[in-house]
Structure formats: C-alpha cells, structure tokens
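Values in this document were obtained by computation on a predicted structure and should not be read as measured data. As a basis for the values below, the full set of heavy atoms in this structure was taken, side chains included, without hydrogen atoms, waters or symmetry mates. We're numbering straight along the sequence, starting at 1.
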Amino acid sequence: MKRRGISILSLALALVMVLCASLLPAAASGSSPESTDRADKLAALGLFQGTEQGYELDSTPSRIQGLVMLIRLLGLEEDALAYGQETPFTDLGWGKNYVAYAYDNGLTQGTSATTFDPNSSLDAKSYVTLLLRALGYDDTAGDFTWKEALSFAAQTGMMTAEAAQTIASVTINRGDMVDLSYAALTCEVKDGSETLAERLSADGVFTEQAGEEAGVLGSDAGWVYTYTPYNNSTVSYSQKTLAGVTAHVLTINTKSPRVQVETALVDNTIGATASFQDIVSSSGALAVVNGNFFASYDAFKVPIGHVMVDGELMYGNSGVSSLGIYADGSVAIGRPGIFTQLVSSGGGNWSIYEVNTASQGADFSVLYTPAYGQSVAITAAGSVMTVSGGVITGYQSVAPGASAAIPADGYVAFMGTGFTSTNYYDVPVIGNTVTKSYYLKTDDGEPFSMENLVGMVSGGPRLVQDGAIVTTLEAGFQEERFTTASSPRTAVGINAVGELLLVSVPGSATIQQMRELMLGLGCVDAFNLDGGASCAMYYNGQYLATPGRELTVTLQIKVS
C-alpha cells in the first residue's frame with residue numbers, strides 16, 4: 001500500500017503525550033441519533049468498529065480505541081494487523097497487534113514496564129490532538145500546542161468555536177469520537193493539497209465511490225462538529241407500586257463517566273461480615289444494596305455464586321445468575337460458568353473449576369487466594385500447587401487433615417486425585433512461571449463476555465430474561481421461600497436502554513410478584529438477590545431498607 005506525507009517517527013512524541021494525558025472529571029458529553037449514522041458511514045469505510053454490545057456511542061473512548069482510530073486514519077491498519085511481534089505488556093486483549101506495532105515504531109509506551117492500561121480514557125484535547133496529527137500538523141514543530149488543540153481545530157474547520165470551548169470542560173464519549181473523526185475526514189491536510197479523506201482514498205484505504213456514499217468525498221462533502229449534550233443523568237430514585245407491592249427503585253445510567261458500579265466484599269475476605277451502616281459509612285457511595293446470598297447461619301459465611309471485585313474473582317461458584325460489570329460502564333446478566341486457567345512457562349495447563357470454595361473432592365480443582373485467609377484446610381486427597389509472585393514454589397501430595405499455606409502474593413491450587421490421575425494431567429514443575437486468567441464454559445447457552453469484566457454479584461432465581469417472565473427455578477432456588485412465600489426482597493435488572501435498576505421491596509413480596517414488578521419496570525433481564533433479613537438499600541443519606549443481620553457482599557454506586 002502506498003504511503004504519502006505521513007511520518008511515523010514524527011508522531012512519536014505527540015502520541016506518547018496524548019496517551020498519557022490526564023482526564024477531566026466532568027459530566028457526560030455528546031452523542032445523538034445522527035452520530036449513529038456517522039458511525040455507520042465510518043464503519044463502511046473501515047475506519048470504525050463497534051463491540052459485542054454495538055457501537056456504544058455513549059461510553060468513554062479508551063487509550064486503545066484512540067490508538068486504533070489514529071492508525072486507521074493514517075492508513076496503516078494493514079501493517080498493524082499483520083504485525084505479530086510481542087510486547088512486554090501483560091494486560092492486552094483484542095488490540096495487541098495495534099499496540100505492538102505502535103510500540104515498536106515509537107508511537108506509544110506503557111503505563112509501566114509491563115502494563116499498557118488499554119482501557120483508561122482519553123479526553124477531548126487528547127483525541128483532537130490525534131486528529132490534528134493525522135492531518136499532518138506537528139506541535140513539536142510549533143504548529144499548535146496541546147493546550148490549544150481545540151481552538152486550533154476550530155480554525156481548521158473541524159469544529160465550531162463554541163464546540164471547542166464546550167468540550168474543553170467535559171468528558172467526550174465514543175459518539176463524539178465518531179463525530180470528530182468524521183469532521184476531520186473532510187478537513188484539508190496541512191499543505192492544503194487535499195482533504196484527509198482524499199488522501200486515504202488515494203492510498204487505497206477505501207474507494208472513491210465508498211467515500212462519496214459516506215459523504216466524505218465529492219462536491220457536497222464537508223461537515224463541522226458541533227457539541228450535542230447527551231444523557232447527563234447518573235442515578236434517579238422513585239417509589240413504584242406494581243404487581244401489588246411497593247418498591248424503592250434506583251435507576252442508574254452506568255454509561256455516564258461520572259458513575260461507578262462496584263462490587264464490595266467486606267475486608268476483601270471470604271466469610272467476613274459487617275453491619276450495613278458500617279459498610280455504607282466506609283463506602284463513600286451514593287447508593288448501596290445487598291448482594292449475594294450467603295451462608296448466614298454458618299460460622300464460615302461464604303457467598304453463593306460468583307463475586308468479582310476489581311477484576312479479581314474473589315469467590316467462584318458457577319450455576320446461578322450473575323450481574324457482570326464492565327470497565328466501559330456496561331452491564332450484563334447471565335449464568336456464566338467461569339473457570340480459572342493456569343498456564344505454565346514449561347507447558348503445563350490447568351483448568352481450575354472454583355475459587356475459594358470448600359468443595360474439595362476427587363474430581364475437584366479449587367483455587368485459594370489471600371481472600372480465603374492465610375491457609376486452607378485439606379479435606380480430600382489430592383495435590384496442592386503453590387504459586388508465589390507468579391512462580392511455582394511448591395507442589396506436594398496432600399491428605400485430609402493437612403493444611404496448605406496461602407502466599408500473600410499468590411495462591412494455591414488444590415487438585416483432587418481424580419483430577420490428577422488423568423493421562424493428560426501436567427505435573428507442575430517448581431520454578432516455572434504461571435499466568436492466571438479466566439475463561440467461560442458456556443454450556444448453559446448464555447455466554448458471558450469476560451473481556452474487561454471488573455465486577456460481579458450473583459443471585460437467583462432469574463425473574464426476567466429477554467423481556468419475558470421466567471417461571472423456571474434454578475437448582476438451589478426451589479425452596480418455599482422462592483415459590484409461594486412472601487418476604488422482603490432485593491432485585492437487580494437491566495432495561496431496554498441498558499440502564500441498571502436496583503429494586504428493594506422492604507415490605508413483602510413473592511417471587512411471582514417480583515417477576516411482574518421487574519417486567520413492569522421495563523426490565524429485559526432481571527434476577528433476585530438476597531432478601532429476608534438481608535434486604536438492604538441505602539440512597540443519598542437515607543436507609544430505605546435496613547437488614548436484620550450483618551452482610552458480606554454489597555453492590556455500590558458511586559458518583560463523582
């Protein structure tokens with residue numbers, strides 16, 4: 001492919017600065033139905049792609065997304081995609097080829113020696129600087145400064161002066177990224193010889209006909225970015241009476257960059273509990289509700305279902321409904337079967353079925369992390385592999401009555417005799433390094449994306465799925481309290497526009513009433529969380545439901 005007028009090395013300093021720029025803590029910025037149309041046009045030109053959840057125009061663009069867009073606007077994507085070199089970064093996913101290409105060409109660097117932090121966000125000045133560089137302007141040569149990027153872009157015709165002033169104080173979203181990129185295509189490059197779209201077409205990135213159909217080539221081409229405010233809402237409260245019950249309803253715009261949805265485990269320790277008041281007072285959250293069911297009557301008060309905090313699986317127990325919280329603010333509901341994958345530098349590969357559960361047995365494999373404690377009691381014959389600092393430091397056979405120490409900087413993996421006796425079992429080698437990751441076993445027909453998953457709470461039974469009431473009861477949720485009994489309830493749901501609903505009925509409701517309630521509130525997916533004496537909801541200084549016991553897992557909403 002021909003390359004004209006673009007120097008990779010001249011971009012290095014600017015892009016390093018741009019991708020390390022700080023964020024502005026401000027309200028959500030613009031997206032509109034027109035942005036979707038422009039996203040379609042850029043997608044047709046091969047310059048923009050969505051995710052598994054669509055274009056997600058109301059989410060905040062990330063470092064990796066800005067880097068990919070720049071590479072596409074430079075007409076270098078073929079080179080990047082074909083680039084197969086490795087990088088020192090251990091946190092890369094789908095964009096690793098782009099990062100490797102940019103890294104080896106001096107276009108970018110990591111946030112540390114081993115991390116790239118691909119999901120951190122870009123602000124307006126940073127992204128517009130990328131676009132100006134794509135147009136051939138060079139701030140290192142004095143064409144403009146980073147601080148003045150927006151006003152300079154207005155002079156080029158990329159945006160209005162009013163838009164430049166407005167987006168300086170807000171956090172842009174992917175809709176703005178699309179709109180700004182579309183506007184940049186019809187701007188002239190620095191030497192005035194052609195527009196960026198004409199240059200890309202001449203370089204073979206897309207055909208002249210495709211450019212004309214997208215509106216970026218031809219006599220009618222030309223569009224100037226104007227800021228359009230979008231949904232600035234964060235959390236709203238209402239009290240609703242539906243299906244014969246009165247409920248407190250919190251509606252959360254999780255896509256707002258001001259909103260954080262977090263899972264919290266008391267003291268980050270399995271079995272630890274605290275009063276709801278103490279949890280709320282230490283959280284700094286605007287809203288808090290109870291999370292997973294747990295063994296409230298046992299000495300060891302373990303949760304039921306998955307619990308993920310800050311991307312780490314604190315408790316892994318598949319088979320129940322879970323709410324997934326993603327780094328970009330999106331949420332999803334499903335029944336994910338999650339395994340932990342351990343891969344050794346020496347070729348060993350082990351699938352660990354559960355995390356921090358007491359379910360040891362011949363055919364079991366369980367990972368024990370510091371969240372479980374300093375040691376784990378062995379209750380079944382098997383073997384234990386110890387990993388500290390990412391290195392296998394121990395491997396031994398164990399019998400019931402033994403105890404295995406859990407390193408503070410690692411974990412131990414218990415593997416039962418049935419697990420270790422298979423002909424494909426890899427015997428761990430002390431001294432080999434090990435990497436840990438999570439993957440899905442999707443036999444339940446409801447795949448759950450693990451990419452950028454940062455939090456999970458779980459419960460049951462499922463109340464609504466795909467916009468319809470679910471009447472079947474999962475295993476473990478078939479007792480009277482889930483059939484005919486009436487009790488205080490907490491539920492979580494997602495409506496048709498992707499908002500998260502947290503619902504509390506501190507009075508009394510049956511599961512059937514909860515199904516009808518969540519459907520009536522507009523949920524397309526919903527499930528029941530712990531209830532009864534665990535029913536808890538706090539919002540903006542008020543305790544709307546006060547539990548009768550201490551809790552271990554909560555779902556917290558924070559707004560900046």
Side-chain angles (χ1 to χ4, degrees), residues 1 3 6 8-9 11-12 14-21 42-43 46-56 59-122 126-127 130 133-134 174 177 181 205 308 310-313 324 326-330 338-347 349 390 433-440 447-454:
M1 180 179 292
R3 305 280 181 244
I6 299 173
I8 291 179
L9 293 179
L11 291 168
L15 189 58
V16 167
M17 177 194 71
V18 165
L19 293 184
C20 295
L42 291 183
L47 301 178
F48 182 70
Q49 295 178 4
T51 70
E52 292 180 355
Q53 286 76 41
Y55 288 144
E56 296 192 276
S59 65
T60 305
S62 63
R63 277 167 53 90
I64 185 63
Q65 291 165 355
L67 177 60
V68 169
M69 181 63 85
L70 175 67
I71 287 174
R72 288 174 179 161
L73 291 176
L74 292 176
L76 301 174
E77 185 167 32
E78 283 187 9
D79 294 347
L81 287 174
Y83 200 73
Q85 300 300 312
E86 294 296 321
T87 72
F89 309 129
T90 60
D91 58 348
L92 297 177
W94 63 269
K96 62 181 180 180
N97 281 25
Y98 294 96
V99 176
Y101 179 79
Y103 179 73
D104 285 347
N105 283 282
L107 290 172
T108 190
Q109 62 184 15
T111 55
S112 75
T114 59
T115 61
F116 182 74
D117 199 12
N119 299 312
S120 66
S121 304
L122 292 176
S126 300
Y127 189 64
L130 293 180
R133 300 296 292 181
R174 280 170 57 93
M177 185 176 77
S181 302
V205 176
M308 177 178 280
D310 294 332
E312 284 292 320
L313 205 56
Y326 294 85
D328 65 357
S330 61
I338 301 177
F339 287 176
T340 303
Q341 187 78 38
L342 304 178
V343 179
S344 168
S345 59
N349 190 319
T433 59
V434 175
T435 59
K436 181 183 72 172
S437 61
Y438 306 119
Y439 73 98
L440 287 171
F448 203 75
S449 174
M450 294 298 295
E451 187 172 358
N452 300 324
L453 185 67
V454 295

Looking at OG of S112 and CG of D91, how far apart are the two atoms once the value is rounded to the nearest 0.5 Å?
7.5 Å

Might you point out which heavy atoms bring Q65 and S62 nearest each other, and give the distance in Å?
OE1-N, 3.0 Å

Any E312 side-chain heavy atom under 4.5 Å of Y438 side chain:
yes

Do you see a donor-acceptor pair shorter than 3.5 Å between the side chains of Y439 and T340?
no

Rounding to 0.5 Å, atoms CD (E78) and CD1 (I71) come to a distance of 13.0 Å

Run the side chain to side chain contact (heavy atoms under 4.5 Å, CB included) test against V454 and tell me which residues pass, sequence neighbours left out.
I325, A327

Evaluate Y83 against Y98 for ring-ring contact (aromatic ring centres under 6.0 Å, His included), listing each step before the verdict.
CA-CA 8 Å; Y83 200 73; Y98 294 96; over 10 Å; no

Smallest heavy-atom separation, T87 atom then V99 atom, equals CG2-C, 4.5 Å

Student check: side-chain heavy atoms of I338 and L313 closer than 4.5 Å:
yes

Can you tell me how far CG of L47 sits from OG of S181, rounded to the nearest 0.5 angstrom?
8.5 Å

Do side-chain atoms of S344 reach the backbone of V434 as a donor and acceptor pair under 3.5 angstrom?
no

Student check: side-chain heavy atoms of F116 and K96 closer than 4.5 Å
no

Distance from L67 atom CG to Y101 atom OH, nearest 0.5 Å?
11.0 Å

Minimum heavy-atom distance between L453 and M308, given as atom pair plus value:
O-SD, 3.6 Å

Tell me whether S330 contacts the main-chain N or O of Y326 through its side chain, where contact means a donor paired with an acceptor under 3.5 Å.
no

P88 and A113 have their tightest heavy-atom pair at CB-O, 3.5 Å

Identify the two heavy atoms, one from G46 and one from E77, that lie closest to each other, and give their separation to 0.1 Å.
O-OE1, 3.6 Å

Could you report the tightest heavy-atom contact between N97 and L81, atom names first, then the distance?
ND2-O, 2.9 Å

Test side chain to side chain contact (heavy atoms under 4.5 Å, CB included) applied to M177 and F48, step by step:
CA-CA 10 Å; M177 185 176 77; F48 182 70; 3.7 Å; yes

